[in-house]
Amino acid sequence: MIDEVAPEREPLPEEPIPARQPRGGARRPRRMRRARPTVRSGSLAVALAAAILIALALAFQGFARWAGEHPGWSVLLGLAAVPVLYALLRGMPHARELRRAARAGMAEAEADALAAPPVPVDEPVSPTARAQEPPPVAGTFPPGPEEPTLAAPFHDGRTAPLPEPEAPDPYAPEPEPEPEAAVLTAAELDGVDLAGLDFAALDPDTFEEAVAALCRRDGCADAETVGGAGDLGADVLATAPDGRRVVIQCKRYGPENKVGSQDLQRFGGTCWSVHGAQLAVLVTTSEFTAPAEEYAEASGIRCVDGTELTAWAEGTGPAPWGPGATVH
């Protein structure tokens, strides 16, 4: 028999074997193996653990000896330690969760800081380039980065613009000057009709002289002014017709300024003890406040306001020492 020879087959083309892809996408990097602790670190950990165990044993032995000597205190201490241990055991999981949350927050903050774009920094302008810049126009604001030029006047919405000053009227009449306070001497006041005298128009010294003139007119022949820097609250000293020593303080105030309790307190602190007054009087062209009247009534000082002073000068009201005079 003739052996049949099989025809030769053509070899198949070799195709590259695809690499095996893991599930889930790209291939994960291999984890780095941690270095195993050395023999030295292991021996140190064992020694530290042994020291801690010995310390705990000694502490327990000492506590047991103390508990045997003081059984009552040991029971109380044990009862007090139970809630503390319970709170520590309950708080350990919460403390772990808090530490994990803090670490996660720190990691997110670092990731956000790395992902944030860098802040652009303005490059310094060279002197040559600055010299070539055009000079700013008067009355305008220089434009900032990404801001339009703001022309004056500029209002930010928080401040109101000042009104334009009004020009003075050349035909307006000039204001009348205030009348000067009248100045009169003691001799001139003795010859003046005090009933028609405007006490508010007098200067302070003349007002004191006018009060002294009223005292001389109504029977105090020795009335004189002693006011000055060192008068200690006394402006007029006189002797009443009944022989009492009269000490008067004068206050020439405007209608808007009333005599307060402080004025009465200062006068009351010196009229009796320093000047030896048997009758203390405070005379003013204005009025007295309610606290001042209360202090005057409590301390025995007679108060004469502007209305009562006019009545005294006109003769329709009593003098401070006369019949009908009251303590306010």
side-chain hydrogen bond (donor to acceptor under 3.5 Å, both in side chains) between Glu209 and Thr225: does it pass, once the steps are laid out? CA-CA 6 Å; Glu209 293 290 348; Thr225 57; 2.9 Å; yes
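- Across all their heavy atoms, Val236 and Cys250 have their closest contact at CG2-SG, 4.2 Å.
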Given Thr239 and Arg245, is the side-chain contact (heavy atoms from CB on, under 4.5 Å) satisfied, shown in steps? CA-CA 5 Å; Thr239 302; Arg245 181 176 177 80; 5.7 Å; no
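- Heavy atoms from other residues, nucleotides or ligands lying under 6.0 Å from CH2 of Trp66 number more than 12.
- For the side-chain contact (heavy atoms from CB on, under 4.5 Å) with Leu214, the lone residue among Ile248, Leu189, Leu194 that qualifies is Leu194.
- Sparse packing is recorded around CD of Gln262, with 12 or fewer heavy atoms of other residues, nucleotides or ligands lying under 6.0 Å away.
- The two residues Phe199 and Ala210 come nearest to each other via the heavy atoms CE2-CB, 3.8 Å.
- Between Asp218 and Pro241, the closest heavy-atom pair is O-CG, 4.1 Å.
- Between Ser286 and Pro255, the closest heavy-atom pair is OG-O, 4.0 Å.
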CA sep, side-chain torsions, deciding dist, call: Arg244, Trp321, side-chain contact (heavy atoms from CB on, under 4.5 Å): CA-CA 9 Å; Arg244 287 180 297 173; Trp321 55 83; 3.8 Å; yes
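- Here the side chains of Val226 and Asp235 are not in contact, with every heavy-atom distance at 4.5 Å or above.
- Considering all non-hydrogen atoms of both residues, Ala234 and Val247 come closest at CB-CG1, 3.8 Å.
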